[in-house]
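Each ligand, and each atom within it, is numbered from 1 in the order the structure gives.
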Amino acid sequence: MDESSFIKEFEERMLACGNERAQLLDSIFNNIFQLMAILSPDGELLAVNEAALQICGVKKSDVLGRKFWDTAWWSHSKEVRLNLIEKIDEARAGNSMKFETTFSDADGGIRTLENNINPVKNEKGGVVFIISMGRDITDNKKHIDSLVKSEQKYRYLTENISDVVWECDLNFHFSFISSSVYKFLGYTADEFLKFSLNDLIAKSGFYDIQKRLVAEMTEIVSGGLSKYKQNSFLVEVQCIHKNGDLIWAEITYSYRFNSDNNLIGIFGVARNVTERKKNENELKETKKQLEKNNHELKTAISEAKTLAKAANEANEAKNRFLANMSHEIRTPMNGILGFIRLLTETALSEKQQEYIKIINFSSNHLLDLIKDMLDYSKIEVGQLKLDYKPVNLKDFIQKMYDIFWPQCFQKGITLIFDSDDSIDRLFYIDELRFKQIISNLLSNAIKFTENGEIYFCVTLNSIVDNMALLSIIVSDTGIGIEAGNIEKIFDRFYQIDDSNIKKYQGSGLGLAIVKGLVEMMDGKIYVESRPEKGSRFIVELNALLDENSSSISASNSLQDNNKSAAAAMLDKKIKILAVEDDQISCLLLSTLATINEWEIFIVHNGREACETYSRQEFDVVLMDVQMPEMNGIEATIAIREIERVRAGKRIPIIAITAYALEGDCENFIKSGMDDYISKPFEESELIAKIKKYLG
Ligand code: ADP
């Protein structure tokens with residue numbers, strides 16, 4: 001059948017349907033926006049509407065009479081065409097169908113078509129036409145695709161974050177909850193979505209937040225919209241996990257409104273903050289504990305301060321006691337030693353001379369003990385100050401040898417002094433304290449050695465930046481020390497032989513003083529010893545070198561206390577005011593005055609001294625410190641005041657004191673004294689002092 005006969009047949013059939021109806025159908029056919037085509041049962045195109053022609057950019061003449069699948073709009077894909085052949089076959093068999101396919105539009109773009117193919121049957125059921133009706137769904141599809149994608153994204157997000165995203169209506173029926181609710185509360189999202197309000201409160205304990213939300217919703221409904229419209233809110237609540245655990249949830253929520261500003265639901269995110277809360281609570285606890293500790297610490301500090309104050313006071317009291325004791329002991333010692341010296345100068349029988357020697361020895365021993373006690377307590381309370389002066393060590397060692405040789409000789413032991421010329425130079429040392437260290441070590445060596453030898457050596461090990469490292473060794477072949485006692489011997493009052501019948505004399509203070517002094521000099525002391533073999537004490541000290549002077553050997557022999565020489569300097573008859581309350585000391589002073597031909601005027605306290613001084617002229621005042629009524633310091637201040645008033649000459653005032661503690665001497669000078677001399681003093685010392693001011 002050719003094209004024209006087809007059209008003719010179609011028109012005849014249309015006419016047979018009645019003219020008016022045909023016109024109506026024609027109008028619909030051409031004005032409908034969908035793409036329409038009428039096909040013969042064989043699939044030849046009988047008619048196509050305007051929409052199809054326009055969208056596909058084809059002319060009616062190009063398509064009419066062609067097989068439907070051979071037309072230009074399907075030309076882009078063979079598959080599409082084959083599919084259409086199948087569909088038309090099905091329609092010819094009387095079936096309707098709806099399917100999605102693609103076609104090419106006027107610009108050659110490929111678009112998606114949702115196509116319906118329906119057969120039109122005659123009364124006998126035979127297919128007379130096939131109608132294809134298509135809808136361009138390209139844009140719709142894109143929109144749907146993007147919706148699906150965004151839904152997927154959203155889902156992915158909500159499924160994968162640990163926070164729980166939820167949405168509910170005004171009756172607290174959840175329309176959405178992310179699957180993370182399972183991890184959060186132990187319920188699956190499906191289980192949770194079925195929860196009623198009662199379930200929610202009973203099972204998860206959201207009572208507080210529900211109450212709060214209801215209150216807010218009431219506020220919104222009664223006009224408080226603006227506050228809630230744009231804002232989100234944060235609340236922390238405790239809820240119950242399916243397994244019964246209590247969990248802390250931090251919920252951020254906001255209200256949802258429709259376009260008419262009607263409240264339609266609530267949207268929110270819940271986060272499990274149990275761990276954070278736990279940490280916060282722990283932190284609070286720790287803070288509390290810290291505050292408590294702090295408080296306890298403060299209390300302890302204040303108690304410690306009180307104790308330290310008490311200890312300080314006790315220490316001061318101890319010092320004062322020591323000073324007083326030393327005064328009390330030194331004053332009579334002064335008398336004893338002074339008179340012993342004077343006695344030796346009188347005519348004595350041999351027996352008497354021997355007794356005097358013993359008294360002298362015992363008195364000196366007693367004095368040494370007092371000195372040790374004082375030294376130790378001074379070291380302990382940090383009151384002992386070192387006085388570094390240049391000393392030639394070689395000369396110093398020689399002097400030590402001279403002192404200790406006779407004792408060794410008497411005991412029948414050999415004393416070996418070993419040193420080289422490297423120490424024949426000046427080192428800054430505190431000679432008095434250095435002598436004390438070495439004397440203690442040597443005395444012990446002699447004391448604890450019955451035969452053999454004592455070896456003493458001072459070596460200069462190295463010099464770095466003018467600082468010399470000296471080592472002093474004192475070794476003996478004596479009784480030695482058990483290993484277990486080595487550390488203890490430096491403890492104060494420690495003596496290995498503490499039996500009642502003591503073989504060796506001693507106070508047990510010597511090594512404690514030695515160690516204290518060595519440490520004050522930044523040095524170290526070690527002992528190596530073997531019982532019955534002997535001991536070896538090693539001291540290591542740093543001493544600054546005096547580079548300017550090579551030796552003071554010659555000048556160092558100035559400790560020449562030749563009393564007759566000193567006395568000779570005092571050629572004129574001098575007039576002394578002695579202020580002294582102790583009877584024996586007074587007697588000693590007046591005896592010395594007689595021997596030295598001084599004119600002496602003795603008073604017994606500060607008040608008498610001031611009275612006497614205001615009436616008479618003197619050359620020098622010898623002033624005791626501790627006296628009744630007015631002490632030496634007060635008297636000195638008063639004397640200086642008398643001098644200021646009468647604008648006369650300034651008399652030298654020399655303190656004769658048993659005080660020996662740090663700071664006391666400074667106080668004497670501050671009060672106006674010129675010098676001081678410690679009890680017990682040597683006659684030569686007193687003469688030298690007087691000479692210093694009058695000579
Ligand atoms: P002291 O000699 O007055 O008892 P020290 O403090 O000087 O006190 O010595 C403490 C103790 O150390 C002594 O009693 C003695 O037991 C022991 N010691 C010290 N030096 C020696 C030594 N060279 N040989 C053996 N023992 C010693």
Side-chain angles (χ1 to χ4, degrees), residues 322 326 329 361-380 384 397 400-401 403-418 432-458 471-521 523-541:
L322 277 169
S326 96
I329 300 170
F361 177 82
S362 303
S363 309
N364 277 316
H365 184 64
L366 191 59
L367 197 61
D368 284 345
L369 279 177
I370 296 165
K371 275 185 191 159
D372 272 2
M373 275 173 62
L374 256 178
D375 281 349
Y376 183 76
S377 28
K378 278 190 199 169
I379 292 173
E380 219 193 14
L384 194 114
I397 285 183
M400 298 304 286
Y401 183 80
I403 294 170
F404 286 94
W405 172 82
Q407 297 175 37
C408 290
F409 182 76
Q410 263 180 352
K411 247 187 140 176
I413 45 182
T414 319
L415 177 62
I416 304 167
F417 264 21
D418 186 12
L432 181 76
R433 301 302 170 184
F434 198 55
K435 186 174 163 192
Q436 207 172 353
I437 293 171
I438 292 173
S439 302
N440 264 306
L441 296 177
L442 283 171
S443 302
N444 278 346
I446 298 168
K447 185 161 66 175
F448 296 107
T449 304
E450 291 315 317
N451 45 52
E453 63 179 39
I454 287 165
Y455 172 85
F456 171 51
C457 132
V458 178
S471 63
I472 300 119
I473 297 173
V474 177
S475 71
D476 60 58
T477 53
I479 60 168
I481 306 161
E482 298 271 356
N485 286 327
I486 289 218
E487 282 305 311
K488 297 179 198 155
I489 57 169
F490 294 103
D491 294 347
R492 59 183 173 168
F493 309 122
Y494 186 82
Q495 291 174 309
I496 294 169
D497 172 21
D498 57 359
S499 59
N500 286 338
I501 320 132
K502 277 178 63 174
K503 192 172 168 194
Y504 303 103
Q505 275 199 334
S507 63
L509 271 178
L511 287 180
I513 293 173
V514 167
K515 188 165 187 251
L517 289 175
V518 168
E519 283 171 357
M520 277 184 74
M521 295 174 184
K524 290 176 200 149
I525 180 161
Y526 320 91
V527 196
E528 294 160 3
S529 187
R530 279 172 66 200
E532 309 305 327
K533 296 278 178 224
S535 310
R536 190 176 153 91
F537 286 78
I538 304 137
V539 176
E540 280 177 1
L541 285 180

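Nearest heavy-atom pair across Ile413 and Asn451 is CG2-CA, 3.3 Å.
Heavy-atom proximity to Ile481, at under 4.0 Å, picks out these atoms of ligand 1: 25 (C), 26 (N), 27 (C). The contact set between ligand 1 and Gly480, taken as ligand atoms under 4.0 Å from a residue heavy atom, comprises 25 (C). Every atom of ligand 1 is numbered from 1 in the order shown, and the set under 4.0 Å from a heavy atom of Phe537 is 20 (N), 23 (N). When each atom of ligand 1 is checked for a heavy atom of Lys447 under 4.0 Å away, the hits are 1 (P), 2 (O), 3 (O).
With sequence neighbours excluded, no residue forms a ring pair (Phe, Tyr, Trp, His ring centres under 6.0 Å) with Phe537. Checked against side chain to side chain donor-acceptor pair (under 3.5 Å), Ser471 has the following partners two or more places apart in sequence or in another chain: Thr459, Asn461.
Proximity of Leu511 to ligand 1, defined as any heavy-atom pair under 4.0 Å, is shared by backbone and side chain alike. In Leu441, neither the side chain nor the backbone holds a heavy atom less than 4.0 Å from any atom of ligand 1.
Residue contacts with ligand 1: Ser535 is included, with a non-hydrogen atom under 4.0 Å away. Put simply, no part of Asn440 is less than 4.0 Å from ligand 1, judged by heavy atoms.
Annotation for Lys524: atom NZ does not count as buried by contact number, only 12 or fewer foreign heavy atoms lying within 6.0 Å.
Distance alone, capped at 3.5 Å, is enough to place a donor-acceptor pair between the Thr477 side chain and the Glu453 backbone.
Contact of the Leu511 side chain with the Asn440 side chain is not registered, since no non-hydrogen atoms from C-beta on lie closer than 4.5 Å.
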